[in-house]
Structure formats: structure tokens, C-alpha cells
Amino acid sequence: MSEAHGGRRVLMEASGGNRLNRRATESLSCQRWPLFSWFLFLLGLVFLVWCCIQSSSTQWESSSLHEYYHRLLNQSRRVPLPPPYRVYPKHGLKPTEPSEGPERPTAPPPQYHPAYARNYHFIMDHPEVCRTRAPFLVLMVPVAPQNAAARDAIRQTWAAAGEVRGRAVLTLFMLGLSGGAGVQEELRREDLLHRDLLQSDFTDTYRNLTIKTMVIMDWLATRCRAAAYAAKVDSDMFLNVHNLVSMLQTPGVPAADYLTGMLMWNRPVVRSRASKWFVPEELYPGPRYPPYALGMAYVFSNDLPHKFVEVSKSIGAFNIEDAYIGECMKELGLAPAAPPDPAQFKAYSPRYDRCEYSKVITYILGSPEELLRAWKDLKKPGPPC
Ligand SMILES: *[C@@H]1O[C@H](CO)[C@@H](O)[C@H](O)[C@H]1NC(C)=O
Ligand SMILES: *[C@@H]1O[C@H](CO)[C@@H](O)[C@H](O)[C@H]1NC(C)=O
């Protein structure tokens, strides 16, 4: 559009130049004031050249302005934080300085907050799944893109029933980006078959699990607000869904501001650099985490995901996703609650025991095969105990 405008201007100047030119030739033919005519001709020529330079320079300037605005708009789309967002000095999140001064900044100041879920975008999504019927419970499973074996085992076991104790239960898998085009193509085919994959555009690594959790919260907040409860369940878990739904139906279990699981209190922050859970003081200065539910599986009322995403703007990212949720709870003035029967949230079992597995809600398992074996045995006819 501006190019067409600039072009029209150049044309106008050109025709003006021609007029001057013609007048100059007429004057020349009269031979009355040859010197004056030459002067006019040269003046016209200089004017024409000046106009050309002017118009091309405004065109250059407007196109780079477009780029500049585009970049700003792109950046604000990536980081929709309101400029003076809440800052907690202890988390080391820097306040955003308003860029002042006569000079336009060449590059806008970086405002990228790794744990703020809306810095990422869904590239595989199913916004429709909660529209037809709001589930009672949504099971969100963070899983690596390449781990199709874990997803298949879960689909055949605790995700198989869409309805438990008369309540709709929905299971979805959350993935980040990893692997090449081949992996993406396999995921696309897997999703065509099962319609249960969600994928966001962050790099899927262990140290990015907090991002994955927050993207799960963002999905629940924006695509499934009507669900009553949700849970984050790791992909290597045995989950007794029947007992979980039953637990959530227990009288006295809150419908809001509720988070439960295997609770951790007063856990020290790991400062040993060799550890998988090492967190440097720059990321989390305090010596101990607030109370949180162990990341293997925690359950929450579905009003919380929206609050987590909002409060995460003011909490610096660190790589321990369950403790990060604990920190979000703390900032919201909340604390995780003990489940009605704390003995139902179990971590490691010495061996499979049918009676035991029929009573618990969780156990951490070693492999997808172990899950398939345990499930098959648990579901066989006959009383488990
Ligand atoms: C803005 O973002 C879009 C898509 O995300 C991209 O195609 C475009 O090149 C970006 N523009 C600039 C000026 O960065
Ligand atoms: C986490 O994801 C971000 C966004 O994709 C990426 O830039 C970063 O390298 C990842 N961090 C790690 C430790 O993998």
C-alpha cells in the first residue's frame, strides 16, 4: 500500500519534472534568456532527483518501522504480561523497566518468562473434547514424544474407561517438541487414531518439566474450565481410577482451592550440582520448599489451573515442577490438603500385590509391561483380597 503510494508520488514528481523540462525547452527555443532557462532546467532536475531520494528514504523508513512494530506486536503476543507486573524480589524476577529516552530502542528488552505458559503455543490440540460433555475428572499425562509405549499401555489400562462410577473421565497426553520430522509424523498418525495428544512448542527435556506442567494448567484453564477436577499423572504410574473418583466423591472433599496427593513438607532444596534435582540459588534462594504434593500424581479442583497460570507470572521459574506448583499454592495463600486416606497415595511398591493394588490410588511402576501385567491381573474375575 505504502509502496503504491510512494510510486504514485514518484510519478507525480516525474510529470512535474516533465512540465519544467518542457518549459525549459520552450525557453531555450526562444533564445531570449538562455542562461536563465538552463538554470531552470537544472533546478528542475535537482528537484526531481531530490524528490526521488526523499520518497525512497521514506519508503525505507516506513518498511523498517513496519518491521519494528511487527516485532513489538510479535513480542507482546509471545509475552502478554502487563508491563508493571507483580515482582517478588526473593524470586529474582527483574522488574520490566519502561524503555524511555529520545532514542528508539534497537531491540526491545527481553521479557521472556520460561514458566509462564502463554509464552508457548499448542501445535497439536483438541479444544473440542470438553465442549460436548464436561468431564468430572481430566487426567493429564506429561510424556516424552518418543514414549509411545507408555501411552499405549495407559490407553489399554487406566485411560480405557471413559466413565468411572457414572462420571466422565478424560485422559490426555501432553508433549513438548523433540525429535525430527519423523517423530512428528508418527505423532500425527498416533493422534489421528486416538485423538488424545496435546503438544506445545517448548523443547521437551527433563529440565523443562515445569514448563510442561504449566502448559497443562493453561490447557485446563482455557479448554476445559467446566471439568470438576483434574490430575497430573506421570506416564510411569499405576492409577486406580475407580478409587480416585471414589475419593473425589467423598463427602467433605472441597470443590475449590483443593490440591492433594502424597504430601511433602519442609523439603530442602537440593544444592548438590551432581543431582538431577539441583536448583541453583539464583533460581530458588530459599533453603526449603513450601508444602507440595509429589509430582508422580497430584489431584486438584479445576478452578486452580487458571489461578496457577496467573500467579506464575510473578514466580521465577525453577526446574522442580511439583515444588513449583507448591510455590504457586503458597503465593495464592493456599496449601495442599491431605487426601481422605493418605495411605492411598503410594510411591514404590516392593512387588505387585493384587489386594494392595485394589485399595490404593497410585504406585510408581518400572515399565509399560509392568502396568499391563498388573492391570490384567487386577481386572480378572474374583475378589482381589
Ligand atoms: C511475526 O511472527 C510471525 C509468525 O509468528 C512471523 O511469520 C513473522 O516473520 C514475524 N515478524 C517479524 C517482523 O518478526
Ligand atoms: C526449555 O524450552 C525452551 C523453549 O523451547 C528452550 O529454549 C530451552 O532450551 C529448554 N531448556 C532446556 C534445559 O531444555
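Whatever order the structure lists them in is the order used to number ligands and atoms, beginning at 1. Keep in mind that the numbers below use all heavy atoms, side chains included, and drop hydrogens, waters and symmetry copies.
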Less than 3.5 Å apart, N/O on ligand 2 and N/O on the protein: could you list those pairs with the distances?
from     : atom 1 : to     : atom 2 : distance (Å)
ligand 2 : 2 (O)  : Asn208 : ND2    : 2.3
ligand 2 : 5 (O)  : Thr203 : N      : 2.9
ligand 2 : 5 (O)  : Thr203 : OG1    : 2.9
ligand 2 : 11 (N) : Asn208 : OD1    : 3.3
ligand 2 : 11 (N) : Asn208 : ND2    : 3.1
ligand 2 : 14 (O) : Thr205 : OG1    : 2.7

Please check if any side-chain donor atom of Tyr324 sits under 3.5 Å from a side-chain acceptor atom of Ser312, or the reverse. no

Sequence-distant partners of Lys307, salt bridge (charged side-chain N to carboxylate O under 4.0 Å, His left out), two or more places apart: Asp257, Asp303

Residues passing the salt bridge (charged side-chain N to carboxylate O under 4.0 Å, His left out) test with Arg133, sequence neighbours excluded, are Glu163

Is the shortest side-chain N to carboxylate O distance from Arg189 to Glu185 below 4.0 Å?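 Yes, charged N to carboxylate O under 4.0 Å.
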
Does Asp191 come within less than 4.0 Å of Arg188, counting only side-chain N to carboxylate O? no

For Pro384, all residues meeting side-chain contact (heavy atoms from CB on, under 4.5 Å), sequence neighbours excluded: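 By the side-chain contact (heavy atoms from CB on, under 4.5 Å) rule, Pro384 matches Arg354, Ser358.
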
